[in-house]
Amino acid sequence: MIITKNKKMPENFLWGASTSAYQVEGANLIDGKGPSVQDVKTVPEGTSELDVCADFYHRYKEDIALMAEMGFKAFRFSVAWTRILPEGAGEINPKGIEFYGNVIDECLKYNIEPIVTMFHFDLPQALEEKGGWSRRESIDEFVTFAKILFENYGDRVKYWLTINEQNMLTLVGDVLGTSNFDGVTNKYKKLYQANHHMLLAQAKVMKLCHDMLPNAKIGPAPNISLIYPASCKPKDILAAQNLNAIRNWLYLDMAVYGRYNNLAWQFLEERDAVPHIEPGDMDIMAEGHPDFIGFNYYSTATVEWSDGSGEAVTGNQQTGSSEPGIYKNFVNPNLLRTEFGWEIDPDGFRATVREMYSRYHLPMIVTENGLGAYDKLTEDGKIHDDYRIEYLRRHIEQIKLAVSEGVEMMGYCPWSAIDLISTHEGIVKRYGFIYVNRDEFDLKDMARYKKDSFYWYKNVIATNGEDLE
Ligand code: BG6
């Protein structure tokens, strides 16, 4: 639809940006924090360890002041489970409680709404050693952790996100450093049992949030990419529906409606990976209701029919995977790519948002969206990231159109507020509005610089998205 009757962006739209604890904080084993799976993983060759990152742990005041200067209405960050509970369960670390309390207070000082992700890829290593999410006990471990967060921060935090990209944890955990298949004969079986436990944990935590904090709002935060068929051949359409179900709707159908998506279920049957479901599990699923959907969007993906030949291929969050007999990756010739090979598809953003809204009819907040690039600091202290501005502008344009089409959008928090370490491609893959003066292995002075996108986004926020130039 070519929109000529534009609507205004909602008042109180939550303009901001996002980070995650293990990628930005550093101080990974300091002040009582225990190790998470991210702290013990072998980082990909040529990329930095996660011990310093952007040193947000020590510099959060300076960083939040810069966010306030940009006019942020919201800041989405995650809490490191092992800063609060170093062993994942048991003793609480008072310094951890204090740190996130300080971060929240610092946000509120500037009227920035804290949006707290409870879990972003950093399971406590102590729990991982016991079997992690594969164990039924993990459900209550997460609920206990969530309760501590609600008790300590519920008076100040209105917006909660449960699990960041549970679909990526399940589909590409080896790239994220979260999978362990030692001694496992059927990896799908292990992954989807863990997935079932995470879904139960999420449902319980959503209910707990509503019971404990009646004024708070809570939602999931999967990575949603609408899947295109490679052509209008009917079999390609079926393949696209398969991956849409496995990658996207499995997670949202469960979060919103409390039921397993039938196509995803059939995929699990095909792979002998149906999870063990205990009596009462589906009642628990049905009792958890999100107030909104948080979602990360980087691009769409495209697939064609698979005749069942070939091997399964695992990509990363945004690049091609294939499952014989289910779908086969197809490179979309209509899209440009980032320097890191991720497709760029602003129209697909609107298509994704439209599809989600028609399926779930819940307000939505974009919890990630952004461009990873090799930024350059010039001698006079500037970063001319016009490519990032272009990317963000084109995506915000599509949100505005979606709003005109009647989709309820609550906010936009792109990735990332500040440069941080990427999941597997180091700090040279930069996303921030704020540049951190360090290289992959040379920490330099860690000084903060405002990129051109910093000034541009400031004006976008000041005009509530009216002026994108
Ligand atoms: C999302 C994650 O998958 O994408 C973030 O939630 C991540 O943690 C972001 O950093 C960008 O991906 P990457 O691989 O470039 O860091």
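Residues take their numbers from the sequence shown, with the count starting at 1. Just follow the structure's listing: the first ligand is 1, and inside any ligand the first atom is 1.
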Please list, chain by chain and in numerical order, all residues satisfying side-chain hydrogen bond (donor to acceptor under 3.5 Å, both in side chains) with Ser18, sequence neighbours excluded.
-> none
Contact table, ligand 1 N/O with protein N/O, distance under 3.5 Å:
{"from": "ligand 1", "atom 1": "3 (O)", "to": "Glu165", "atom 2": "OE1", "distance (Å)": "2.6"}
{"from": "ligand 1", "atom 1": "3 (O)", "to": "Glu165", "atom 2": "OE2", "distance (Å)": "3.0"}
{"from": "ligand 1", "atom 1": "3 (O)", "to": "Gln317", "atom 2": "NE2", "distance (Å)": "3.0"}
{"from": "ligand 1", "atom 1": "4 (O)", "to": "Tyr298", "atom 2": "OH", "distance (Å)": "3.4"}
{"from": "ligand 1", "atom 1": "4 (O)", "to": "Glu368", "atom 2": "OE1", "distance (Å)": "3.3"}
{"from": "ligand 1", "atom 1": "6 (O)", "to": "His120", "atom 2": "NE2", "distance (Å)": "3.3"}
{"from": "ligand 1", "atom 1": "6 (O)", "to": "Asn164", "atom 2": "ND2", "distance (Å)": "2.9"}
{"from": "ligand 1", "atom 1": "6 (O)", "to": "Glu368", "atom 2": "OE1", "distance (Å)": "3.1"}
{"from": "ligand 1", "atom 1": "6 (O)", "to": "Glu368", "atom 2": "OE2", "distance (Å)": "2.8"}
{"from": "ligand 1", "atom 1": "8 (O)", "to": "Gln23", "atom 2": "OE1", "distance (Å)": "2.7"}
{"from": "ligand 1", "atom 1": "8 (O)", "to": "His120", "atom 2": "NE2", "distance (Å)": "2.8"}
{"from": "ligand 1", "atom 1": "10 (O)", "to": "Gln23", "atom 2": "NE2", "distance (Å)": "2.9"}
{"from": "ligand 1", "atom 1": "10 (O)", "to": "Trp415", "atom 2": "NE1", "distance (Å)": "3.2"}
{"from": "ligand 1", "atom 1": "12 (O)", "to": "Gln317", "atom 2": "NE2", "distance (Å)": "3.2"}
{"from": "ligand 1", "atom 1": "14 (O)", "to": "Gln317", "atom 2": "NE2", "distance (Å)": "3.1"}
{"from": "ligand 1", "atom 1": "14 (O)", "to": "Thr423", "atom 2": "OG1", "distance (Å)": "2.5"}
{"from": "ligand 1", "atom 1": "15 (O)", "to": "Lys429", "atom 2": "NZ", "distance (Å)": "2.7"}
{"from": "ligand 1", "atom 1": "15 (O)", "to": "Tyr431", "atom 2": "OH", "distance (Å)": "2.5"}
{"from": "ligand 1", "atom 1": "16 (O)", "to": "Ser422", "atom 2": "OG", "distance (Å)": "3.3"}
{"from": "ligand 1", "atom 1": "16 (O)", "to": "Thr423", "atom 2": "N", "distance (Å)": "2.7"}

Kindly indicate, with the supporting measurements, whether the criterion ring pair (Phe, Tyr, Trp, His ring centres under 6.0 Å) is fulfilled by Trp81 and Phe142.
-> CA-CA 9 Å; Trp81 190 334; Phe142 187 63; 5.6 Å; yes
What class does the angle between the rings of Tyr297 and His395 fall in, given that below 30° is parallel, 30 to 60° is tilted and above 60° is perpendicular?
-> tilted
Parallel, tilted or perpendicular for Tyr153 and Tyr100, by the 30°/60° rule?
-> perpendicular
Measure from NZ or CZ of Arg83 to the centre of the six-membered ring of Phe99 and say whether it is under 6.0 Å with the direction within 45° of the ring axis.
-> yes
Passing option when Trp160 is tested against Leu149, Asp291, Val205 for side-chain contact (heavy atoms from CB on, under 4.5 Å) = Leu149
